[in-house]
Peer 1: 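Quick one: the structure is below, questions incoming.
Owing to the predicted nature of the structure, the values given are computational and were not obtained by experimental measurement. Every chain is numbered from 1 and lettered A, B, ... according to where its sequence line falls, protein lines coming before strand lines.
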Amino acid sequence: MKRTIEKTVLTGFIVLLTLLGIVGVVSRRTVVALVEGTRLVSHSHEVIHLLDRLSFQIAQSEDAARGYVITQDASFQTSYRQLRDGIRPLLDALREETADNSREQQNIPVLQSAIEQRFALIDQGLAVREAGGIDASIRFGQEHHSAELSQQVAGEIQQMKDLENRLLSERDLREDQSAKRAYAVVIAAVFLAMIAVAFSVMLVFRDLTRRREVERMKAEFVSMVSHELRTPLTSIRGSLGLLGSGLFGDNAAKWKQMLEIAIRNTDRLIRLLNDVLEIEKLKSGKINLQRVSCDAGELMQQAGDEMTAMAQGQGVHLRVMPVSARIMADPDRLLQCLTNLLSNAIKFSDSGSEVILAARSVVPDLRFEVRDDGRGIPRDKLQSIFEPFQQVDSSDSRRRGGTGLGLPICREIVRQHGGALGVESELNKGSTFHFTIPLDGHSQMEKSDTGNRERAYSMDSN
Amino acid sequence: MSKRILLIDDEDDIREIAATSLEMIGGWQVSLARSGEEGVLKAQQEHPEAILLDVMMPEQDGASTLALLQAQKSTAAIPVIFLTAKVQPAEQQRLQSLGATGIVSKPFDPLVLPQMIREILRW
C-alpha cells in the first residue's frame with residue numbers, strides 16, 4: 001500500500017472538516033435551543049407576572065368593595081368597578097400567553113368562572129348593602145360563603161402559578177441538559193480533531209522521512225554509479241589518450257598493454273551498465289518472473305556445469321549435491337542467482353579449496369546453500385554486502401570481474417520469489433550463502449541419492 | 001634531479017596509466033602504492049615531494065590516509081592531491097575541507113595530468 005503525503009493530508013483535511021461540521025451543527029442546535037429556552041422562560045415569567053397582577057387586582061377590588069360596605073363612600077364603589085372591569089383584559093392576556101399550553105388553557109375557563117361567580121356575589125352583596133345596611137351585607141356574605149369563594153379564586157390562581165413554575169423548572173432542567181450535551185459533543189469533537197491533526201502530522205512526518213531516505217538512497221546510488229562509471233572510463237580515456245599521443249613509438253608491449261586496459265575496462269563498463277539496468281528493472285517490477293514448477297536438482301547441475309570452466313581456471317573443486325525436489329521458480333532467474341553465488345564463492349576461494357552447492361528442505365521452502373572455505377566476511381560487512389557497490393573489498397572484486405551489483409541482484413531475485421537471501425561467515429574459515437525458494441506444493445521432496453547424482457567439478461575432474 | 005611522486009590508487013589500470021603519464025610526460029620518478037596503508041609506509045620511507053591519493057579505497061580510504069599523513073611529522077608537510085571519481089560539488093567541497101592541496105577529477109587526460117599537477121603545486 002502506497003500512502004502519499006497528498007493522500008494523508010487530504011484524509012486529515014476531510015476528517016477535520018467532518019469534525020468541524022459536527023461542531024458547527026451541534027453549536028447551531030445549541031444556540032437555537034438556548035434562544036428557544038430563553039423565550040420560553042421569559043414567556044413563563046410573563047404568565048406568572050399576569051397571574052400575580054390578576055391576584056393583586058382581585059384583592060384590590062375586594063378591598064374596594066369592603067371599603068364601600070363599611071363607609072358607603074361612592075369613590076370606593078367607582079374604584080371597585082374600575083378594578084373589576086380591568087380583570088377581563090388580564091384574563092384575555094393570560095389566555096393569549098398560554099395559547100400553546102393546553103393544560104393552562106383548560107384552567108382558564110375554570111378560573112374565569114370562579115372569578116365571575118366571585119364578582120357576581122360581590123355585586124349582589126353591594127346591592128344588599130344599599131338596600132339593607134351593613135349588617136345585612138355581612139350576613140349575605142356569610143350566608144353565601146363569600147370568603148370561601150375568594151379562597152377558591154386564589155387557589156385557582158396559585159394552581160396555575162404552580163403549573164407555570166413547574167414548567168419553568170422543567171425547561172431549566174432541559175436547557176441545562178442540552179447545554180451539557182452540546183458541551184460534551186464539542187469537547188469530544190475538538191479532542192478528536194486534535195488527535196486527527198496529531199495523527200496526520202505524524203503520518204506526514206513519517207512520509208517525509210521515508211521520502212527523504214529514498215531520495216538519499218537514490219542520490220547515493222547515482223553517486224556510486226557515477227563513481228563506478230568514471231573508474232573504467234578513466235582507464236579507457238587514459239589508455240587511448242596515451243596511445244593516441246604517439247608516446248610509445250614502436251614499443252609493441254606498451255601498445256598491447258594499453259589496448260588490453262581499454263578492452264578490459266570497456267567490458268567492465270558493459271557489465272556494469274547491464275547490471276545497473278538489471279537491478280533497476282528488478283526493483284521497479286519491470287521483470288515479471290515466469291514461475292513454473294521446476295526440478296531443483298536439474299537447475300543445480302546446470303549451474304554447476306556453467307561454472308565448471310571458471311572453477312577449473314581457479315583450481316577450485318566445485319561439488320554439486322543435487323536434490324530431487326520440485327520448486328516454484330523462474331528457472332532462468334534462479335540459475336542466474338545460483339551461478340552468481342557460485343562465481344563469488346569461486347572468486348574468493350584459494351586454489352585447491354572446495355566450493356559446495358547443496359540444498360535441503362525447510363518446509364515449505366527449499367533452502368539452497370553455497371559454501372566455500374574462502375577468506376570469509378568481516379562481521380561488520382555481513383549486512384552491507386547485499387547493498388549496491390558494497391563489496392567487502394571493491395577493488396579486489398573488480399579485479400575479479402565483479403560490478404558490485406551481483407548480490408543485490410541475487411537478493412532481489414530471491415525476494416521476488418518470496419524467499420530470503422542470507423549469509424553466515426567466519427573470517428578466514430569460509431562463508432555460506434543461503435536462500436529459500438518455495439517448494440511446489442503439489443510435489444514432495446524425495447530423499448536424494450546424492451551418492452549417485454553428486455557431481456564434482458574441479459581441476460582434476462576431467 | 002627529477003621530482004619524486006608517490007601515487008596511491010587501488011585500481012591497477014589507473015595506477016599504470018597515471019604512472020606512465022607522470023614518468024613519460026612529467027619526467028618525474030614515480031613510486032606506487034595500491035592501498036592507503038602501503039602509501040603511508042612508502043611516504044615515511046621515501047619522503048616524496050608530492051602524493052597523488054585516490055579517495056575511494058577499501059579498508060583505509062583517501063580521507064583517512066590523508067589524516068594519517070598529516071598526523072605524522074615526517075609526512076605532514078608533503079602536498080597531497082586527491083585523485084577522485086567523486087565529482088559532485090558537495091563531495092569535492094568535503095574533500096577540499098580535509099586539507100588536501102588540490103583535487104584532480106577522474107577521468108583525467110594523461111597528457112595533461114602532469115601540467116595540472118604543476119599548476120596545483122606551482123612547480
Peer 1: With a 4.5 angstrom heavy-atom cut-off, could you sort out which part of L111(B) is near chain A: side chain, backbone, both or neither?
Peer 2: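 Contact with chain A is through the side chain of L111(B) alone.
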Peer 1: Tell me whether R216(A) at atom CZ has more than 12 heavy atoms from other residues, nucleotides or ligands lying less than 6.0 Å away.
Peer 2: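 Counting other residues, nucleotides and ligands, CZ of R216(A) exceeds 12 neighbours.
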Peer 1: Between T231(A) and E11(B), does any side-chain donor sit less than 3.5 Å from a side-chain acceptor?
Peer 2: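 There is no such pair (donor and acceptor under 3.5 Å, judged by atom type) between the side chains of T231(A) and E11(B).
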Peer 1: Please report the closest heavy-atom contact between S226(A) and A85(B), naming both atoms and the distance.
Peer 2: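 Heavy atoms only, the tightest pair is OG-O, 4.3 Å.
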Peer 1: Is it the case that atom CD in Q383(A) sees more than 12 heavy atoms from other parts of the structure closer than 6.0 Å?
Peer 2: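 Not buried by this count: 12 neighbours or fewer within 6.0 Å.
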Peer 1: Taking all atoms of both residues into account, what is the closest heavy-atom pair of G238(A) and P110(B), and its distance?
Peer 2: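 Heavy atoms only, the tightest pair is O-CG, 3.3 Å.
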Peer 1: Could you please spell out the steps behind the side chain to side chain contact (heavy atoms under 4.5 Å, CB included) verdict for R230(A) and T84(B)?
Peer 2: CA-CA 9 Å; R230(A) 279 171 184 277; T84(B) 181; over 6 Å; no
Peer 1: Could you please spell out the steps behind the side chain to side chain contact (heavy atoms under 4.5 Å, CB included) verdict for F248(A) and M24(B)?
Peer 2: CA-CA 9 Å; F248(A) 301 133; M24(B) 295 183 75; 3.7 Å; yes
Peer 1: Given side chains that start at C-beta, do those of L242(A) and I25(B) come closer than 4.5 Å, heavy atoms only?
Peer 2: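 Touching, per the 4.5 Å side-chain cut-off.
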Peer 1: Supply the atom-to-atom distance L247(A) CG to T20(B) OG1, rounded to the nearest 0.5 angstrom.
Peer 2: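 Those atoms lie 8.5 Å apart.
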Peer 1: M224(A), E260(A), Q257(A), M258(A): which one forms the most heavy-atom pairs within less than 4.5 Å of chain B?
Peer 2: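 Option with the top pair count is Q257(A).
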Peer 1: Let me see the working for T234(A) and I17(B) under side chain to side chain contact (heavy atoms under 4.5 Å, CB included), right down to the final yes or no.
Peer 2: CA-CA 9 Å; T234(A) 305; I17(B) 286 159; over 6 Å; no
Peer 1: Among P232(A), S223(A), G241(A), which residue forms the greatest number of heavy-atom pairs with chain B at distances under 4.5 Å?
Peer 2: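 Ranked by contacts with chain B, first place is S223(A).
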Peer 1: For the CD atom on E37(B), are there more than 12 heavy atoms of other groups (residues, nucleotides or ligands in this structure) within a distance under 6.0 Å?
Peer 2: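 Not buried by this count: 12 neighbours or fewer within 6.0 Å.
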